[in-house]
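The structure displayed is predicted, hence computed values, not measured ones. So you know, we letter chains A, B, ... as the sequences are listed, proteins then strands, and number each from 1.
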Number of protein chains: 2
Amino acid sequence: MGIKVDELSDHADETVEPERRTRADRLAADLADAILSGGFAAGARLDEHGLAERYGVSRTPVREALRQLAATGLIEMRPRRGAFVASITDDALSELFVAMGELEATCARLAALSMNPLERRRLESLHGSMAGMIERGEEEDYAEANRAFHHAIYAGAHNGVLLDIANSLRRRLDPFRQAQFRASGRLEKSHHEHDLVVRAILSGDCAGAHARMLDHVHSVEHAVGQLKTRAAPLR
Amino acid sequence: MGIKVDELSDHADETVEPERRTRADRLAADLADAILSGGFAAGARLDEHGLAERYGVSRTPVREALRQLAATGLIEMRPRRGAFVASITDDALSELFVAMGELEATCARLAALSMNPLERRRLESLHGSMAGMIERGEEEDYAEANRAFHHAIYAGAHNGVLLDIANSLRRRLDPFRQAQFRASGRLEKSHHEHDLVVRAILSGDCAGAHARMLDHVHSVEHAVGQLKTRAAPLR
DNA sequence: TTGAGCCATAGTGCATACAATTAGGCGAAA
DNA sequence: TTTCGCCTAATTGTATGCACTATGGCTCAA
């Protein structure tokens, strides 16, 4: 099941190959990036013909890409009425955070039980390196390391199904998580919460790992909520 | 051309309506049913042209239906090599059960916290009615009620995201769950486990609900495992 | 006889043309 | 003035044709 992982990872590991993946697949990835980075407004209509012209392909791969995205929940398709960027209501966002929290807490619990010594050492080392980033104010690096941190815990659960679910939820929440890093003092608080999670996992305290991770995600949700009261949602 | 509609003739819920859903959507549903009910062997190749001919449509809706199914994990698509019915290895099946167990346990915990009095009463009543089915040996009815029972708990978590995830996992596991009902004494054991879950939920014991549901799913997995050692997997 | 390379064939990826439906605007009637 | 209905334009759903890739069989050489 380890194979499945790098099928999903669409980074530039391919060098010159004259297109291994299909246009539809690459289009889906491109569109997902564009949507998640705010290139399309929430609720915006995704016109097949327009997208086809814009990306220089025919409507067929566009339609297939849209189907893929619809399956992830990133867009919504209504028969004969087209595709729209899924707009997240406050309630839906809250449900997403609750689900994400439960999933992450579950992974943390399983990780406390299943991680092998190497995985535990790597998690500890990654967590340790993040302290320095905070001191040096390296927000970008911290955000990236944060992703790796959470991913390490998903992977530590040793369950491909949960890994896939967690990744897909995280992708949808990432834009919101990103924003809260800019709240003052948030990085320190986040790191402290991580610390509690790591200690619980390393000591094999599965109930503690569950509880601490739940706390952490709730805290992230709270920070996002605070942000939204001041500024408009970021997409 | 819209005349030869009933090649796809499925359920008679639509009376005269000239197609509300698209062909691709109905095809996806039909194919999912066919696969889950064993109409296609595991690992079988799903030839686009053949399916198109068989269902009396062109390749385009077939392709879109296949994309949809691929997103649910029911089939696997490899670029330029076609679609195959996803074959489940023992390891993958085990991972699915673990994930399903964690999801169900999470829903049970949340249900213990969130269910309103009406939902609690309905859950209790449904559970009560299942005892009679066992005594009367109504396996079919019990299987149906069992689905409703678990669904009620997912819904009781009051979280659409978790509900969707649980449903999609359940769909993939249902063929295996069905089989274990035929194991002797399994119905009684299942009902007893349900009883523990219901009591925990009704009394608001969220930790207990989590633990009891985890036990229950593990027990189901064990029963399926027992079955598989004797007979070949059912698809 | 066995292995490697070539070729034919089948099947997917993509493009494009056509059909059908929806939505919005316009006009007529009450 | 308002409302109902029709018509048109825009857009999605479906069909089909072509091109390119992968796979299996066949040939030729060792």
request  = Test side chain to side chain contact (heavy atoms under 4.5 Å, CB included) on B:Tyr55 and B:Leu27 and set out the steps.
outcome  = CA-CA 8 Å; B:Tyr55 286 93; B:Leu27 238 177; 3.9 Å; yes
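- Between A:Met77 atom CE and C:dT21 atom C1' there is a gap of 15 Å when expressed in whole angstrom units.
- Separating the CZ atom of B:Arg78 from the P atom of C:dG13 is a distance of 13 Å, rounded to the nearest angstrom.
- Legend: residues meeting salt bridge (Lys or Arg N to Asp or Glu O under 4.0 Å) with A:Arg109, ordered by chain and number and at least two apart, are B:Glu102.
- With distances taken from any side-chain atom of B:Glu48 to the nucleotides C:dC14, D:dG13, C:dT12, the minimum falls on C:dT12.
- With sequence neighbours left out, B:Arg81 forms a salt bridge (Lys or Arg N to Asp or Glu O under 4.0 Å) with no residue at all.
- Rounded to an integer number of Å, the gap from CZ of B:Arg80 to C1' of D:dT21 is 6 Å.
- Nucleotide D:dA15 holds its C1' atom 13 Å from the NE2 atom of B:His49, rounded to whole Å.
- Residues forming a side-chain contact (heavy atoms from CB on, under 4.5 Å) with B:Ala111 (at least two apart in sequence, or on another chain): B:Met115, B:Ile153, B:Ile201.
- Between B:Glu53 atom CD and D:dT16 atom P there is a gap of 11 Å when expressed in whole angstrom units.
- Taking only side-chain nitrogens and oxygens, B:Arg63 comes nearer than 4.0 Å to OP1 or OP2 of C:dG13.
- Using cut-offs of 30° and 60° on the angle between ring planes, the pair A:His194 and A:His150 is perpendicular.
- Between the CZ atom of A:Arg45 and the C1' atom of C:dT22 there is a distance of 10 Å, rounded to whole Å.
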Strictly under 3.5 Å: I want the nitrogen or oxygen pairs between protein and nucleotides 15-17 of chain C, one per line.
residue	atom	partner	partner atom	Å
C:dA15	OP2	A:Ser58	N	2.6
C:dA15	OP2	A:Ser58	OG	2.6
C:dA15	O5'	A:Ser58	OG	3.4
C:dA15	N7	A:Thr60	OG1	2.8
C:dT16	O4	A:Thr60	OG1	3.2

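- In this structure, B:Arg21 places its CZ atom 14 Å from P of D:dG13, rounding to the nearest Å.
- OP1 or OP2 of D:dT23 lies within a sub-4.0 Å distance of a side-chain N or O belonging to B:Arg81.
- Rounded to a whole Å, the CG atom of A:Asp47 is 15 Å from the P atom of C:dA23.
- Every residue meeting the side chain to side chain donor-acceptor pair (under 3.5 Å) condition with B:His222, not counting sequence neighbours, appears here in chain and number order: B:Gln226.
- Applying the side-chain hydrogen bond (donor to acceptor under 3.5 Å, both in side chains) test to residues at least two apart or on different chains, none of the pairs has a partner in residues 29-42 of chain A.
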